[in-house]
Visitor: 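Could you have a look at this structure, given as structure tokens, before my questions?
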Amino acid sequence: MGLLSDPNRRRALISLLTRLNAPICVVCYMAGVAWFMGLAFEPFTLRTYMSENAMGSTMVEERFPAGERALGTGREFSAHKKKAGGMPVDWLVKTMQSRGLEVFTQRFSRRLPFPDEDKERYMVKGTNVYGILRAPRAPRTEALVLSAPCSPGDDNNQAVGVLLGLAQYFRNQVFWAKDIIFLVNEHDLIGMQAWLEGYHHTNTTGMDWSPLQGRGGSIQAALSLELSSDVVTSLDLVLEGLNGQLPNLDLANLFYAFCQKIGVLCTTQGKLQRNDWDSVSGYSHAVQTMMLMVMKQASGRPWGDHGLFLRYHIEAATIKGINSFRQYKTDATTIGRLLEGMYRKLNNLLERLHQSYFFYLMPSLSHFVSIGYYMPAFGLLALILLLRVSFQPRLLTTYLLTDGVPGVLSVLTPLVISHLTGVALYTLPIHFQEIAVEHFPVSETEAVVLTAIAVYTAGLALPHNTHRLLTGRGTENGWKVLKLVAVLYLAVLLGCTALINFSLGFILALTLVPVAAFVTPDVPKALSAFIMVILSPACTLLFSVFLFQELQEMPVSFLDGWMLYLSVISQGILDHALYGSLVYPLVALLVYPCWLLFWNILFWK
Amino acid sequence: MAAPLTLLLLVAVTVRAALYRSSLADLISERVEVVSPLTAWKRVVEGLALLDLGVSPYSGDVFHETPLIIYLFHFLVDYAEITFMLADVITAVALYLSVKDYNKQVFRKQKYALEADRYPLDCLELIRSPKEMQYIPLKVAMFYLLNPFTILSCVAKSTCGLNNAVIALFVLSTIKGNSRTHSSPAEGNSIYPLTLCAAALLYLLQRQYIPVNLRRFSFWWFVAQYAFMYLGSLFVIVGLSFFLLGSWDFLPSVYGFILSVPDLTPNIGLFWYFFAEMFEHFRLFFLCVFQINVFFYTVPLSIKLKEHPVFLIFMQLAVISIFKSYPTVGDIALYMAFLPVWSHLHRFLRNIFLVSCVLLACSALFPVLWHLWIYAGSANSNFYYAITLLFNVAQILLVSDYFYAFLRREHHLSHGLYLKRKDGSEATLVLK
């Protein structure tokens with residue numbers, strides 16, 4: 001308290017901060033980036049360990065024998081799928097019933113706001129089939145879910161085969177204390193959304209689905225299986241869910257523990273873990289893995305069918321079988337045993353998974369970085385904003401007292417206008433698609449994306465002009481107050497974003513904080529305008545697309561990258577409309593207007 | 001001055017009416033920051049349903065407002081939205097009138113002091129001019145009506161708005177100096193505004209030119225008169241409640257509920273987390289400590305501020321809204337409305353910028369951490385309580401900053417603006 005109440009010490013502190021402001025900011029930025037890059041360095045990370053006692057010490061045996069038969073069922077499923085031209089509902093119902101499950105179906109339909117060109121769908125109609133294995137050992141108050149998607153083409157037939165094989169095998173075991181629900185969902189996430197909404201009696205996205213006829217207990221955990229070949233070389237664990245939410249780390253630990261026990265190669269982000277952390281290539285491998293996780297998390301979209309479970313407090317992950325050119329192959333029996341082991345451990349749970357971390361980044365499957373370690377990286381960036389604010393505390397009161405109503409108006413107008421631009425960016429693309437299609441030679445999807453880009457670009461020209469027209473010349477103090485407001489706004493915005501989705505907050509902070517820190521009307525216009533555009537949210541997204549491809553070791557040419565960028569925008573808008581992902585509204589309604597405020601300051605006259 | 005006030009009222013009512021029609025209204029009325037178990041509209045509706053069925057509204061431990069409120073809404077339930085908007089308007093107008101009156105008195109006092117040459121010469125820049133004081137009442141009304149906290153509270157139909165209106169009327173009647181009509185309905189609504197009566201008493205004493213002197217008969221006579229009036233009106237209110245309801249159910253259910261804090265739903269106060277974590281056998285002890293804490297500040301503040309009862313009212317309102325058992329943002333809005341009255345203190349305020357930034361950031365973080373705790377399941381109650389703590393610390397800093405600034409201005413007014421040490425060098429005031 002001495003610091004706050006003793007005027008002499010305050011003055012000393014303030015003068016120090018004012019004098020060294022720019023160097024401290026630069027140091028903070030570098031330290032923030034360095035801290036982030038350091039997170040992947042293995043000595044700085046923690047080894048994963050099982051926190052949940054119910055899953056840790058108890059031993060289970062895996063005896064699933066029927067891998068070959070499961071693959072046969074998968075082939076049968078594939079044949080029926082081809083014949084039915086979609087989900088072979090009757091065959092699945094019959095097969096599940098013959099395996100002793102209670103079988104139900106759910107029909108759903110959904111019209112997308114505009115055609116999805118990636119997955120080629122617009123009017124979606126489908127059926128989910130699920131069978132419930134009632135727990136013989138305990139009151140049926142809790143459940144586990146195993147799901148496999150029914151994908152178009154030849155994908156994921158083996159997953160359905162393994163699922164049915166496991167169902168048959170599980171039916172004969174007596175130790176199940178939780179209902180196990182075997183779900184085959186059509187149209188991947190849309191079907192999953194319909195099923196979850198039906199299961200929980202909610203309807204958040206205005207979808208049509210028939211109510212579920214049978215339910216189990218409250219779902220404790222869920223795994224989604226994706227398997228498209230008879231043998232696999234490795235299994236990949238996908239954790240990132242809707243809005244960057246992650247399942248409890250214990251689920252990842254469980255998967256890792258069983259992969260170790262059974263001897264299956266396991267990866268995360270498609271990257272094997274390496275033991276040479278002390279070499280440059282080993283470190284850069286860990287950085288790449290972590291960066292991939294950060295970018296996937298920042299995108300806010302569900303990266304597997306499990307992504308929507310997390311919204312309902314259900315810990316879930318997707319396990320993907322990968323078949324590459326390695327020598328060592330794993331067969332379906334082993335995968336079945338792995339899943340059996342995981343389900344038996346999950347069956348032992350006495351309460352929901354809550355012991356381990358919910359906020360983490362993984363540079364490899366065996367190591368993780370918890371929130372306490374990665375938050376300082378963001379904190380150092382946010383500190384810059386606070387430093388930029390700190391040296392002008394008297395500004396606001398003096399400004400309000402001297403400039404009065406016109407002064408307030410000259411700050412308020414850009415605020416209102418940039419937010420209206422944001423609202424336009426949020427609402428116009430979907431509403432204007434029909435008009436755009438009539439007048440220009442584009443498809444609906446292109447129309448939506450191009451409208452979004454057009455509104456975004458128009459926003460750059462609009463606000464500062466209108467503001468000059470309305471209130472005449474801005475005063476010297478005017479831009480300072482506007483900057484103060486904008487910097488505070490950005491600090492609160494990024495802080496809240498980083499709490500919900502660290503990766504998104506960090507990436508936005510990386511690009512927006514330098515803009516916020518150094519923009520004034522006095523810097524050279526053309527150069528700074530160029531830098532600002534480079535660092536604007538849309539360009540950040542463009543760079544992220546290229547970086548993501550680079551990290552996945554699938555570099556693309558500029559033209560392909562641009563096409564990918566357009567499809568990423570349309571996917572973002574679709575994710576918002578279909579599943580309620582928050583990234584698009586966040587960027588359109590808050591981040592973009594905030595960036596426009598800084599743009600306004602640059603062109604303050 | 002009537003035209004801008006009317007315009008302001010129109011804007012405020014339009015904003016509220018628009019929000020009532022939007023989909024946000026349902027969302028807001030569920031927010032724990034905006035409604036407490038005491039003030040939630042959902043609970044009033046439940047109480048009304050019970051009343052209509054001929055059951056005591058207090059059976060079932062849902063409804064905890066006073067009988068007067070439930071009988072008010074018994075008649076007005078179809079016009080609830082209008083009632084809440086009207087309550088806000090009444091509060092704003094009452095505050096407007098009282099501040100206008102108060103400013104007149106301040107100005108008159110200042111004129112007498114100037115004529116009597118009581119201020120040191122270098123204090124002329126501290127003297128307040130009528131020009132700068134002209135818009136203060138309007139700003140007070142604006143701070144109340146356009147404060148997002150008030151708007152949220154009104155849109156959520158939190159009965160806090162009605163309590164605020166009653167307190168504002170209480171302040172108005174005190175400042176108008178009308179000790180006859182000056183009753184205690186504010187006290188009928190909850191217990192905490194009881195502490196305001198010390199400030200009101202001091203104000204009335206000052207107005208009647210009765211010195212606060214414990215040896216003087218006239219002082220004790222006036223105190224006795226006041227206490228009689230006060231207890232009498234309290235008795236009338238409680239009696240009225242009894243006759244309306246026909247039983248004493250409401251006493252444990254309203255006042256017992258406030259004092260013993262059985263409902264630990266999270267809110268922006270300090271009670272819920274502390275009592276949720278506590279071992280049961282310490283509960284009574286800490287309950288007493290926490291509740292005495294709210295009332296205790298009355299004594300030192302009344303002694304220190306006995307010359308400035310209106311500032312004392314402001315301090316008391318702030319203390320109540322920080323330390324009460326079920327605070328909501330509506331309570332904060334009430335004392336924040338008084339901030340423009342003290343705008344002449346701005347040169348002495350030290351942390352106002354920092355504190356307002358913290359308050360803003362916390363207000364944004366409340367829903368975010370709530371989301372992480374309740375919906376995402378990835379955070380827990382500690383995260384939310386941390387923000388609650390920070391929010392309350394910021395409020396305490398804000399209030400103590402104003403307190404310090406007020407005392408410092410008074411000090412300068414009596415000792416001169418440029419203080420000299422004994423050896424003649426420039427001195428600075430340090431609060432330790």
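Residue numbers begin at 1 in each chain, while the letters A, B, ... track the order of the sequences.
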Visitor: State, yes or no, whether a side-chain contact exists between F358(A) and N380(B) at a heavy-atom distance under 4.5 Å.
Guide: no
Visitor: For the NE2 atom of H371(B) and the CG atom of L499(A), what is their distance to the nearest 0.5 Å?
Guide: 11.0 Å
Visitor: Look at atom OH of Y312(A) and say whether more than 12 heavy atoms of other residues, nucleotides or ligands are closer to it than 6.0 Å.
Guide: yes
Visitor: Working to the nearest 0.5 Å, report the span between CG of L372(B) and SG of C496(A).
Guide: 9.5 Å
Visitor: In terms of heavy-atom proximity below 4.5 Å to chain B, should I500(A) be classed as side chain, backbone, both, or neither?
Guide: both
Visitor: I need the residue from P367(B), C357(B), A376(B) with the largest number of non-hydrogen atom pairs under 4.5 Å to chain A.
Guide: A376(B)
Visitor: Flag yes if more than 12 heavy atoms outside K42(B) fall under 6.0 Å of its NZ atom; otherwise flag no.
Guide: no
Visitor: Do L360(B) and Y489(A) pass the side chain to side chain contact (heavy atoms under 4.5 Å, CB included) test, and can you show the C-alpha distance, the side-chain angles, and the key distance before you say yes or no?
Guide: CA-CA 10 Å; L360(B) 274 177; Y489(A) 183 5; over 6 Å; no
